[in-house]
Every structure is written in C-alpha cells, then in structure tokens.
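Hydrogens, waters and symmetry mates play no part in the numbers below; they use all other heavy atoms, side chains included. Every value quoted in this text rests on a predicted model; they were computed, and no experiment measured them.
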Amino acid sequence: MSRLLICGFGPFPEAPDNPAALAVERLRQEPWAPPGLEAHYAVLPTVWAEAAQSALDAVKAFAPDGVLLVGVAVSAESFRLETLARNRANPSHPDALGRCWPSPRIEAEGPAERGVIAPVQAMAAAIRAQGLAAALS
C-alpha cells in the first residue's frame, strides 16, 4: 500500500487560526486517507528555521511515497494548486516568531525553481467537481 504524508502549516501572523493546520488535524482525527493509501499527518511550524526540518523528520519517521503540503494564501479567492516552488524569500516578511529570513534565497546553492510532479490538473478538476473554485498557480 502506498503511503502519503499530508502536512499543513500552523498559525502565522496573518492567519492565527490557519485553516491548513485545522484541516490536517481534522483529517488526522477522522482518520481519513485517499482510497488505496495509508496516510500520516503533520502540522509544520510556520517558522523559517524549523519548517523544513519538521517536514524532513516526518518524512524520515513515516517514509512516504509522496508528500502533500497544504497551506493558506490569505489573499486567495479560490483553491490554488502550486505548480512551481521558487527558491525565494522576502527578507522583510516575518514568520510566526516574528523573525525574517536573512536573504532573498532560501537555499543559497539550490536551484531557482522546481516544478511539481503531482497530478495538479486532476486535483484541480476534482476540487471543481465539488463546486469549488480552483486554479493552478
């Protein structure tokens, strides 16, 4: 059976009751998993220096075949499925502890961008089939 790690980000100044964390906690309580998958859940701190390590710790503990990260964009008007990860940070945007990342790049030697391998078109279609707005970002 394939294993899926579902991670939601915790609270931060613009979302003190982050719906991503609330959704992951609710899935954990049910417990819910997509058909044919075993799921594990983690809420990641919205803290620059801790989020990546928390995600890596969860991956090491559960050894998933895939990871789904769930977050919130406070200005979004629909579900947004990210298609590209960018190695960027806004040094003036504080995390949940009020700290800012010291540089415009998250990983100094890392690639500028990485594309997703998840079936985002199908995921967006499934969201829309439920009568909800969804867009690729």
key: Heavy-atom donor-acceptor pair, Ser137 side chain to Leu81 backbone, under 3.5 Å   = no
ask   = What pair of heavy atoms forms the shortest contact from Pro104 to Pro91, and how long is it?
value = N-CG, 3.9 Å
note = For Ser92 and Cys100 the tightest heavy-atom approach is C-SG, 3.8 Å
ask   = Do Leu68 and Val43 belong together in a cluster built from hydrophobic side chains that touch within less than 4.5 Å?
value = yes
query = If you group Ile, Leu, Val, Met, Phe, Trp and Tyr whenever their side-chain heavy atoms sit less than 4.5 Å apart, what else falls in with Leu84?
reply = none
task = Any salt bridge (Lys or Arg N to Asp or Glu O under 4.0 Å) involving residues 50-76? Give me the pairs, sequence neighbours left out, ordered by first then second residue.
result = none
query = If every non-hydrogen atom of Pro11 is compared with every non-hydrogen atom of Pro16, which pair is closest and at what distance?
reply = CB-O, 3.2 Å
request  = With sequence neighbours excluded, give me every salt bridge (Lys or Arg N to Asp or Glu O under 4.0 Å) pair touching residues 37-46.
outcome  = Arg3-Glu38
message = I need the full list of salt bridge (Lys or Arg N to Asp or Glu O under 4.0 Å) pairs touching residues 89-105, with sequence neighbours left out, sorted by first then second residue.
response = none
side-chain hydrogen bond (donor to acceptor under 3.5 Å, both in side chains) involving Ser75 - partner list, sequence neighbours excluded = none
task = For Pro34, check side chain to side chain contact (heavy atoms under 4.5 Å, CB included) against everything at least two apart and list the hits.
result = Leu4, Trp32, Leu37
ask   = Ala42 and Ala58: which non-hydrogen atoms are nearest, and at how many Å?
value = CB-CB, 4.2 Å
ask   = Roughly how far, to the nearest 0.5 Å, is CG of Leu136 from CD of Glu82?
value = 9.5 Å
query = How would you list all residue pairs meeting side-chain hydrogen bond (donor to acceptor under 3.5 Å, both in side chains) that involve residues 11-30, not counting sequence neighbours?
reply = Glu25-Arg28
note = Members sharing Trp48's hydrophobic cluster, built from side-chain contacts under 4.5 Å between Ile, Leu, Val, Met, Phe, Trp and Tyr, are Trp101, Ile106
message = Listing request: all salt bridge (Lys or Arg N to Asp or Glu O under 4.0 Å) pairs with a residue in residues 126-135, at least two apart in sequence or in separate chains.
response = none
Side-chain donor-acceptor pairs of residues 109-124 under 3.5 Å, sequence neighbours excluded:
none

task = Under 4.5 Å between side-chain heavy atoms, chaining through other members, with only Ile, Leu, Val, Met, Phe, Trp and Tyr counted: pull out the rest of the cluster around Leu5, sorted by chain and number.
result = Phe9, Leu44, Val59, Phe62, Val67, Leu69
remark   = Across all chains, not counting sequence neighbours, the side chain to side chain contact (heavy atoms under 4.5 Å, CB included) partners of Ala61 are none
task = Taking all non-hydrogen atoms of both residues into account, name the closest pair between Ser78 and Ala134 and its distance.
result = CB-N, 4.1 Å
ask   = Going hydrophobic residue to hydrophobic residue with side-chain gaps under 4.5 angstrom, can you get from Leu132 over to Val72?
value = no
